[in-house]
Peer 1: 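Here's a structure for you.
Just so you know, these numbers come straight off a predicted model, no measurement behind them.
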Amino acid sequence: MKSIRINLDKDVFHTAIILTTFALLGTQNAVHYPFALMSAIGLWFIAKNPSVIYEKGSRNLFCVFALVWSPMVLSLLGATDLASASKTTFSYLHFLFGGYYVYWAAHREKIYRLVGSGVFLLVFFALLDALIQFVFAVDLFGFPYDGAILKGLFYPKERLGIFLAVLSPLFLYVISTKRYKIFFYLAAISLIVFILLLCVKRSAWIMFGLSMLGFSYLIWINHSSTKKFVAMGFSVLTAFILSFAVVMYTPTYTNEVTLSSGFSSGDLQKIDIASNYRLSLWRTGLSMFLSEPINGIGARGYRHIYAEHADPNDFWLRDGRTGQNHPHLQLLEIAVETGVVGLIGFLLIYLFFLREIIREANISMRAIWILAVLVAWFPLNTHLAFYGSYWASFVWLLIPLALAQPNAELSREKVPI
């Protein structure tokens, strides 16, 4: 009995570290501290038993990492800023060790279950906090709402929308397994859509659409759940109509709709404005890619040579601006900074996770984590930098959870730390 209690305490300890890392995604930089702790523990595990690199299960994790990291190393040969690219490349290694730690922990069924439940609660808290901020103009942490963009606990960063978009399927999945009445299911989807619209982030809206598409697929292939699929589709449609009716009257949203109409005009200048001048970023990125197409200009190199490749009248160089940190198009960022080699590696990873979600052939917690990876790494995402430390921290929490195969027997084994 005593050993079981000690084991349980250690399971809770490891769960707490992982959930703390998820929770601190709401901060600007604090997430790196628990991730560093996970990396140290993961490195120690690998050093104690190097054979884990070749084990059938963990081998996938190391292969996925290699397909991302190897092109980063190769890109150093043509790096425009070798010091910066080297720092990014070699510091990226800690995501492997932290990822392995999460992978090791997630193999224990108790930890896997607790992490899923914990992330569900974090998403619920983020939604509740955002709703309070909208109603009272200040959230639970005292962060204000300016009436334009809802930021919630991620204030002053505009990351709430993409956080919710990636993890919304998990939130809905946990609710559906509790067999709540359709009223509560509808309320959950309505709240998510309402908050997402108030975030006024088109990239998050697209990601949420992908999440719902993937979630619908997982329900559809569960042959006993056709009625749930129809109910969910109706819920999403109803929630969108209700939320749109409320949010369309906010000035920021109206501006977004007006700007978006530029996409149908065929005028490149109007399209550039409608895309928040993303077209300028993409044209500059294409010029960089053509200058070093095979191995790229080095991780995070885009920001260092923006002015060299941009048009003299580029919006991002006017009024004292010095360019942008990344091209706001994930596939282009990979192409620019790690070349065709990086593109091939990334596409192989994406095809692998697509195959994994098809193999699941049912809706499950593991399938939900795989879906989260597919949404977070969707090739046409336009939000945060692919090689940036914040987004990498988020994704390297998701990947090991998507690859893990939880085992109830492991929960009864002795934990090494």
Side-chain angles (χ1 to χ4, degrees), residues 13-55 57-76 79 81-107 111 115 119 159 166 296 298-301 325-326 330 333-334 337-338 342 345-346 349 369 372-373 376-377 384-404 416-417:
F13 168 75
H14 292 295
T15 302
I17 295 177
I18 297 171
L19 288 179
T20 298
T21 312
F22 268 107
L24 291 179
L25 287 167
T27 66
Q28 293 193 51
N29 299 305
V31 66
H32 302 307
Y33 296 109
F35 211 109
L37 174 60
M38 294 195 304
S39 300
I41 299 174
L43 178 59
W44 182 54
F45 284 171
I46 296 171
K48 283 186 63 178
N49 184 18
S51 64
V52 298
I53 298 174
Y54 308 104
E55 288 179 1
S58 56
R59 187 167 59 222
N60 286 335
L61 178 71
F62 288 95
C63 285
V64 168
F65 184 84
L67 287 171
V68 176
W69 192 67
S70 297
M72 294 174 70
V73 175
L74 185 61
S75 73
L76 295 177
D81 190 316
L82 184 59
S84 175
S86 298
K87 180 181 177 181
T88 299
T89 298
F90 293 110
S91 64
Y92 200 91
L93 267 174
H94 85 282
F95 293 121
L96 172 63
F97 306 132
Y100 177 74
Y101 167 77
V102 177
Y103 174 84
W104 168 87
H107 264 70
I111 295 177
V115 168
V119 173
R159 295 170 177 170
V166 172
R300 305 311 311 276
N325 286 331
H326 60 100
Q330 186 167 277
E333 179 187 354
I334 296 168
E337 298 185 350
T338 55
F346 173 76
I349 293 171
W369 288 121
V373 174
W377 266 2
L384 301 174
F386 179 82
Y387 297 108
S389 59
Y390 179 87
W391 196 243
S393 297
F394 190 16
V395 174
W396 283 102
L397 282 169
L398 303 175
I399 289 174
L401 291 168
L403 294 175
I417 184 171

Peer 1: With sequence neighbours excluded, what pairs up with Asn325 under the side chain to side chain donor-acceptor pair (under 3.5 Å) test?
Peer 2: none
Peer 1: For Ser84, enumerate each residue passing the side chain to side chain donor-acceptor pair (under 3.5 Å) test, keeping only those at least two apart in sequence or located in another chain.
Peer 2: His304
Peer 1: Going by ring pair (Phe, Tyr, Trp, His ring centres under 6.0 Å), name the residues that satisfy it together with His94, two or more places apart in sequence or in a different chain.
Peer 2: Phe35
Peer 1: When you measure from the side chain of Gln330 to the backbone of Trp377, do you find a donor-acceptor pair of N or O atoms at a distance under 3.5 Å?
Peer 2: yes
Peer 1: Which class fits the ring pair Phe45 and Tyr100: parallel under 30°, tilted 30 to 60°, perpendicular over 60°?
Peer 2: perpendicular
Peer 1: Do any side-chain atoms of residues 62-69 form donor-acceptor pairs under 3.5 angstrom with protein atoms, and if so which ones, sequence neighbours left out?
Peer 2:
unit_1, atom_1, unit_2, atom_2, d
Trp69, NE1, Thr89, O, 2.7

Peer 1: Between Trp44 and Tyr101, is the gap from one ring center to the other below 6.0 Å?
Peer 2: no
Peer 1: Do Arg159 and Tyr390 meet the cation-pi criteria used here (NZ or CZ under 6.0 Å from the six-membered ring centre, within 45° of the axis)?
Peer 2: yes
Peer 1: Leu74 versus Thr338: any side-chain heavy-atom pair under 4.5 Å?
Peer 2: no
Peer 1: Please report, to 0.1 Å, the donor-acceptor pairs under 3.5 Å made by any side chain of residues 19-29, with sequence neighbours excluded.
Peer 2:
unit_1, atom_1, unit_2, atom_2, d
Thr20, OG1, Ala16, O, 2.6
Thr21, OG1, Ile17, O, 2.8
Thr27, OG1, Leu24, O, 2.6
Thr27, OG1, Ala30, N, 3.1

Peer 1: Please list, chain by chain and in numerical order, all residues satisfying ring pair (Phe, Tyr, Trp, His ring centres under 6.0 Å) with Tyr387, sequence neighbours excluded.
Peer 2: none
Peer 1: Would the distance check show the side chain of Ser58 and the main-chain N or O of Val52 forming a donor-acceptor pair, the cut-off being under 3.5 Å?
Peer 2: yes
